[in-house]
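Beneath this line is the structure, given in structure tokens, with notes to follow.
Each residue takes its place number in the sequence, starting with 1. Just so you know, ligand 1 is whichever comes first in the structure, and atom 1 is the first atom listed for that ligand.
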Amino acid sequence: MGQDRSAQRELMVAQDLRGRGIRDDRVLDAMSVIPRHQFVLPEDRDNAYIDAPLPIPDDQTISQPYIVALMSEALRLKGGERVLEIGTGSGYQTAVLAELQAQIWTMESSTILARQSKRRLERLGYDSIHFIQSDGTLGLPSQAPFDRILATGSLPEVPIELLHQLAEGGVFVGPVGDWDGQQLVRIVYHTNQFEREVLCHCRFVPLIGAQGWPY
Ligand code: SAH
């Protein structure tokens with residue numbers, strides 16, 4: 001079975017990630033070792049390496065592998081960066097960030113998901129991640145500034161509170177736009193300027209919160 005899973009993972013990396021243009025070897029390497037089947041519902045384990053989002057508890061979803069790879073690559077991580085992730089969900093993207101040697105603060109508003117993903121990541125040996133169960137749309141001022149901020153759910157606008165928590169040279173990546181369709185944007189903060197670039201169209205579940213979508 002273990003053999004099967006790693007063969008499925010290799011195929012996903014070759015076909016759906018490298019094959020669709022992901023070039024960052026560290027991201028590809030990370031995704032060829034993380035057991036995505038342990039982040040999905042038991043009944044979906046056999047579908048874990050198909051390039052699709054899947055349901056997780058609390059009406060949320062684990063993002064599609066290609067999108068996780070694209071966002072991870074867009075963050076341009078070299079190792080050691082302070083990263084704020086908003087929307088822990090299953091914890092799969094968090095594991096990718098951990099494999100990329102980031103220092104991670106991850107925020108999740110759902111009590112169930114926050115608890116489950118913490119337990120799951122600790123069991124898998126990721127033992128230096130900081131878990132915060134609360135609304136992440138306001139960021140985490142007590143730990144700012146961050147070198148990277150990643151939103152893994154959609155936002156109507158990029159909250160200014162988040163941009164103000166970026167360090168010089170810092171990067172924000174996340175889906176911004178309408179409830180039913182967004183653009184994945186990258187914003188780089190340099191010498192008091194925010195440079196914004198659109199990476200692709202996408203569709204994410206919403207971040208519900210003070211600076212996200214209304215409750
Ligand atoms: N990266 C995750 C994707 C999670 S989907 C994965 O691949 O599993 C987005 C997550 O954001 C959901 O788990 C949802 O519960 C959470 N969320 C929604 N609003 C939030 C908020 N205001 N603050 C923190 N997390 C939020």
Side-chain angles (χ1 to χ4, degrees), residues 12 16-17 27 30-31 34-41 44-45 47-75 77 83-100 102 104-121 124 126 129-143 146 148-159 161-162 165 172-177 179-180 182 184 202-215:
M12 171 191 85
D16 301 316
L17 308 185
V27 171
M31 292 180 68
I34 301 168
R36 189 172 190 262
H37 60 279
Q38 293 189 28
F39 292 76
V40 301
L41 300 177
D44 281 328
R45 292 223 165 116
N47 298 325
Y49 299 101
I50 293 171
D51 192 26
L54 289 168
I56 56 173
D58 243 0
D59 282 331
Q60 301 302 319
T61 58
I62 174 171
S63 304
Q64 175 190 352
Y66 171 72
I67 288 288
V68 172
L70 189 69
M71 293 196 295
S72 305
E73 183 170 69
L75 289 171
L77 293 166
V83 179
L84 176 65
E85 179 190 38
I86 306 166
T88 318
S90 67
Y92 180 74
Q93 169 79 70
T94 324
V96 176
L97 298 173
E99 290 289 338
L100 295 172
I104 305 162
W105 285 261
T106 184
M107 303 183 76
E108 169 59 58
S109 52
S110 154
T111 323
I112 299 170
L113 289 172
R115 197 174 45 222
Q116 267 192 6
S117 55
K118 180 173 193 285
R119 208 182 306 134
R120 174 180 291 131
L121 287 163
L124 288 169
Y126 299 107
I129 297 168
H130 306 277
F131 294 88
I132 300 102
Q133 198 247 305
S134 73
D135 176 8
T137 61
L138 294 165
L140 194 60
S142 64
Q143 296 296 329
F146 295 98
R148 305 287 186 266
I149 299 179
L150 174 64
T152 74
S154 74
L155 290 159
E157 313 263 352
V158 186
E161 288 85 346
L162 289 185
Q165 291 174 41
F172 167 89
V173 171
V176 182
W179 180 266
D180 54 4
Q182 305 94 32
L184 188 64
C202 54
R203 185 177 177 159
F204 278 72
V205 295
L207 289 180
I208 312 276
Q211 294 298 318
W213 299 95
Y215 291 96

For ligand 1 and [X], I'd like to know whether there is a polar contact (N/O to N/O, distance under 3.5 Å).
X    : answer
D135 : yes
G136 : yes
E108 : yes
V205 : no
T137 : no

Any idea which part of [X] is under 4.0 Å from ligand 1, heavy-atom wise: side chain, backbone, both or neither?
X    : answer
L207 : both
D58  : neither
L113 : side chain

**From CA spacing to verdict: side chain to side chain contact (heavy atoms under 4.5 Å, CB included), Q133, S110** = CA-CA 7 Å; Q133 198 247 305; S110 154; over 6 Å; no
Protein contact to [atom] [nearest heavy atom, distance to 0.1 Å]:
atom                    : result
atom 12 (C) of ligand 1 : Q60 OE1, 3.3 Å
atom 3 (C) of ligand 1  : T61 O, 3.5 Å
atom 26 (C) of ligand 1 : S109 OG, 3.2 Å
atom 19 (N) of ligand 1 : I208 N, 3.0 Å
atom 2 (C) of ligand 1  : T88 O, 3.7 Å
atom 11 (O) of ligand 1 : G87 CA, 3.3 Å

Check if [X] has a non-hydrogen atom at a distance under 4.0 Å from any atom of ligand 1.
X    : result
V68  : no
S117 : no
S134 : yes
S63  : yes

**Prompt:** Which heavy-atom pair separates P57 from I112 by the least distance, and what is that distance?
**Reply:**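 Closest approach of P57 to I112: CB-CG2, 4.3 Å.
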**Request:** Compare every heavy atom of A151 with every heavy atom of P175, then report the nearest pair and how far apart it is.
**Result:**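 What the structure gives for the nearest pair is CD-O, 3.2 Å.
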**Message:** Here's one to test your reading of the geometry: is the NZ or CZ of R36 within 45 degrees of the ring axis of Y49 and under 6.0 Å from its centre?
**Reply:**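 Judged by the rule, R36 and Y49 form no cation-pi pair.
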If you measure only the distance, is there a donor-acceptor pair under 3.5 Å linking the side chains of [X] and [Y]?
X    : Y    : result
E85  : T106 : yes
D135 : S109 : no
T137 : W213 : no

**Contact check, side chains of L162 and I86, non-hydrogen atoms, under 4.5 Å** =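 Yes, side chains in contact.
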**Request:** Check whether more than 12 heavy atoms from other residues, nucleotides or ligands sit under 6.0 Å from atom CG of D180, and answer yes or no.
**Result:** yes
Which atoms from ligand 1 have a heavy atom of [X] less than 4.0 Å away?
X    : result
S90  : 6 (C), 7 (O), 8 (O)
I62  : 6 (C), 7 (O), 8 (O)
P206 : 18 (C)

**Item:** From OG (S72) to CD (E99), nearest 0.5 Å
**Value:**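 Spacing of OG (S72) from CD (E99) equals 11.5 Å.
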**Asked** What is the distance from atom CG of L84 to atom CG of L140, rounded to the nearest 0.5 Å?
**Response**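 Atom-to-atom, L84:CG and L140:CG are 6.0 Å apart.
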